[in-house]
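Contents: one structure, followed by commentary.
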Amino acid sequence: MTGNSFSVSGYGPERSGWTRLFARDSLARRLDWPILFSAIALSLIGAALVYSATRNRTELNQGDPYYFLLRHLLNTGIGFALMIGTVWLGHRTLRTAVPILYGISVVLILLVLTPLGATINGAHAWIVIGGGFSLQPSEFVKITIILGMAMLLAARVDAGDKPHPDHRTVVQALGLAAMPILIVMLMPDLGSVMVMVVIVLGVLLTSGASNRWIFGLIGTGAIGAIAVWQLGVLDEYQINRFAAFANPELDPAGVGYNTNQARIAIGSGGLLGTGLFKGSQTTGQFVPEQQTDFVFTVAGEELGFVGAGLIILLLGVVLWRACRIARETTELYGTIVAGGIIAWFAFQAFENIGMTLGIMPVAGLPLPFVSYGGSSMFAVWVAVGLLQSIRVERPMSA
């Protein structure tokens, strides 16, 4: 078995056509189709929701009602191609390239802090490429943190030298994650930092590291959050978001406007919704950033409890199958990578949906696969490619 995942597909000169494609050890049989179909369904549902939220927004769509729809579909197509490329390369091949990928991701987030960086929707976390396209490097940092920590934590365990990561290895892995997290904090991009911290916790939990590290990291995070608040690292708009979360009645026409309008939109949908493209809150453009951070409100209003529940169900399928992949792989490296992705997807989905319901503070995080945004779409599809590669490259007896 090699790092190239196609080498395990069982293709040989004696096989051809459908026999080769659907043989027990073929690539098609090894792929996790529930994850693939669920991710595609989420992206297509997202396309309909993005179109509904933006078709009348002439100040955003440059007079073309299909502007965001076509770009969302293009982003999905590019993301799907990146997934295929990730499966073709294989997670083991990418493991050898982690130092290069890590270096590139750190350079990119450092560029955000230079004049090349741009502020979009209140977050100074972007690099404007031109032609209407921009890049959010912090999305790809999530992947490099997972791969980098997995490489360090699993090295001696997979080699048979240790039963679980020792304290020195855990310190090295935490140091690797700390650098990009601190840089992203300087932007400041609080939402991405929250996701990265949860990823680190998920990686440590699945690595078999001592529970003392888990509890210590949680305690350190709590102290760090208090210090960040007291030292004034956060921008005013971020502080206002937490204030509005703590007190929903605080300035309903100002800092609390987004969450109040989001709850109104979701509440008006009822069981079956008002019908696609027929939501008064969406059509009336009352909910800001509805194609990105608040896309779930379109589902709640126009598709109702049933449509919103379908999105949650599909996300649940992705997480369920990812957990199964993590459990079935025979190498710790694959388990850790899958565990980091599970923590990432689960927390980001919970935070995004939670903030529209008023049970979580607004943090500017997209809903995986559903929200409009190229960087986030590319990153989640690469993550799906990693999950597929872990499943494809496992021994058939696993």
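Here the two rings, on Phe68 and Tyr51, have centers that are 6.0 Å apart or farther. The aromatic ring centres of Phe369 and Phe345 sit less than 6.0 Å apart.
Side-chain atoms of Thr76 come within 3.5 Å of backbone atoms of His72 as a donor-acceptor pair (strictly under, hydrogens ignored). Looking at Thr206, its side chain does come within 3.5 Å of a backbone N or O of Val203 through a donor-acceptor pair. Distance alone, capped at 3.5 Å, places no donor-acceptor pair between the Ser192 side chain and the Asp189 backbone. The backbone N or O of Gly385 sits nowhere less than 3.5 Å from a side-chain atom of Ser389 that would complete a donor-acceptor pair. Thr335 places a side-chain N or O within donor-acceptor distance of the main-chain N or O of Ala326, the cut-off being under 3.5 Å. Checked by atom type and distance alone, the side chain of Arg391 pairs as donor or acceptor with a backbone atom of Arg30 at under 3.5 Å. Side chain of Ser38 to backbone of Pro34: a donor-acceptor contact under 3.5 angstrom is found. Listed for the Glu302 side chain is a donor-acceptor partner under 3.5 Å among the backbone atoms of Phe277. Checked by atom type and distance alone, the side chain of Asn61 pairs as donor or acceptor with a backbone atom of Thr54 at under 3.5 Å. In this structure, Asn352 contributes its side chain and Gln348 its backbone to no donor-acceptor pair below 3.5 Å.
Distance check: Arg57 CZ to Thr283 OG1 gives 11.5 Å after rounding to the nearest 0.5 Å. One distance of note links CE of Met179 with CD1 of Ile109; it measures 9.0 Å at 0.5 Å rounding. Remark: Leu113 CG to Ile183 CD1 distance equals 7.0 Å, nearest 0.5 Å. For the atom pair Arg263 CZ and Ile359 CD1, the distance stands at 11.0 Å (nearest 0.5 Å). In this structure, CD1 on Ile35 lies 6.0 Å from CD on Gln388, to the nearest 0.5 angstrom. Note: Lys142 NZ to Trp344 CH2 = 6.0 Å, rounded to the nearest 0.5 Å.
When the side chains of ILVMFWY residues are joined at heavy-atom separations under 4.5 Å, either directly or via intervening members, Leu135 and Leu116 end up in a single hydrophobic cluster. Both Leu386 and Ile100 belong to a common hydrophobic cluster when Ile, Leu, Val, Met, Phe, Trp and Tyr are linked at side-chain heavy-atom distances under 4.5 angstrom. There is no path of hydrophobic side-chain contacts, each under 4.5 Å, that joins Val318 to Trp320. Residues Leu205 and Met151 fall within the same hydrophobic cluster, defined by Ile, Leu, Val, Met, Phe, Trp and Tyr side chains chained together at heavy-atom separations under 4.5 Å. Hydrophobic cluster membership differs between Phe305 and Leu276, with clusters built from Ile, Leu, Val, Met, Phe, Trp and Tyr side chains linked at under 4.5 angstrom.
Residues Met196 and Ser138 form a side-chain contact, since some pair of their non-hydrogen atoms from C-beta on lies under 4.5 Å apart. Using a 4.5 Å cut-off on side-chain heavy atoms (C-beta onward), Leu49 and Leu303 make contact. Counting heavy atoms from C-beta on, the side chains of Phe80 and Leu36 come closer than 4.5 Å. Annotation: side chain of Leu271 is in contact with side chain of Val306 (closest heavy-atom distance under 4.5 Å). The closest side-chain heavy-atom distance from Val370 to Leu315 is not below 4.5 Å. Contact check for Val195 versus Phe347: side-chain heavy atoms found under the 4.5 Å cut-off. Side-chain contact between Leu108 and Val141: absent, with no pair of heavy atoms (C-beta onward) separated by less than 4.5 Å. With a 4.5 Å cut-off on side-chain heavy atoms, Ile336 and Ile146 do not count as touching.
Closest heavy-atom contact between Val157 and Pro165: CG2-N, 3.8 Å. Val287 and Ala265 get closest at one heavy-atom pair: CG2-CB, 4.2 Å. Considering every non-hydrogen atom in both Thr144 and Leu101, the closest pair reads CG2-O, 3.6 Å. Minimum heavy-atom separation, Met83 to Trp381: CB-O, 3.4 Å. Residues Arg55 and Pro65 come closest through the heavy atom pair O-CB, 3.6 Å. Residue Ala47 comes nearest to Leu69 through the heavy atom pair O-CD1, 3.5 Å, listed as atom of the first residue, atom of the second, then distance.
If you check the side chains of Gln281 and Ser268, you find no donor sitting under 3.5 Å from an acceptor. Judged by distance alone, the side chains of Thr282 and Gln290 do bring a donor and an acceptor atom under 3.5 Å apart. With 3.5 Å as the limit, one finds a donor-acceptor pair spanning the side chains of His91 and Glu331.
Applying side-chain contact (heavy atoms from CB on, under 4.5 Å) to Ser376 and the options Pro368, Pro366, Ser371 leaves one that passes, Pro366.
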- Query: Given the rule in the side-chain contact (heavy atoms from CB on, under 4.5 Å) test, do Asp293 and Met355 qualify, once you have shown the distances and angles that lead to the verdict?
  - Reply: CA-CA 9 Å; Asp293 300 347; Met355 72 183 187; 3.6 Å; yes
- In sequence, state the C-alpha distance, the side-chain angles, and the governing distance for Leu176 and Tyr102, and then conclude on side-chain contact (heavy atoms from CB on, under 4.5 Å). CA-CA 9 Å; Leu176 178 143; Tyr102 181 83; 3.7 Å; yes
- side-chain contact (heavy atoms from CB on, under 4.5 Å) between Phe294 and Val362, worked out: CA-CA 10 Å; Phe294 288 90; Val362 176; 4.1 Å; yes
- Hey, mind stepping through Val317 and Phe37 against side-chain contact (heavy atoms from CB on, under 4.5 Å) and telling me if it holds? CA-CA 10 Å; Val317 170; Phe37 285 141; over 6 Å; no
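In this structure, the salt bridge (Lys or Arg N to Asp or Glu O under 4.0 Å) partners of Arg156, at least two apart in sequence or on a different chain, are Asp166.
Under a cutoff of 6.0 Å and an axis angle of 45°, Arg92 and Tyr333 do not form a cation-pi pair.
More than 12 heavy atoms of other shown residues, nucleotides or ligands fall within 6.0 angstrom of atom CG in Leu111.
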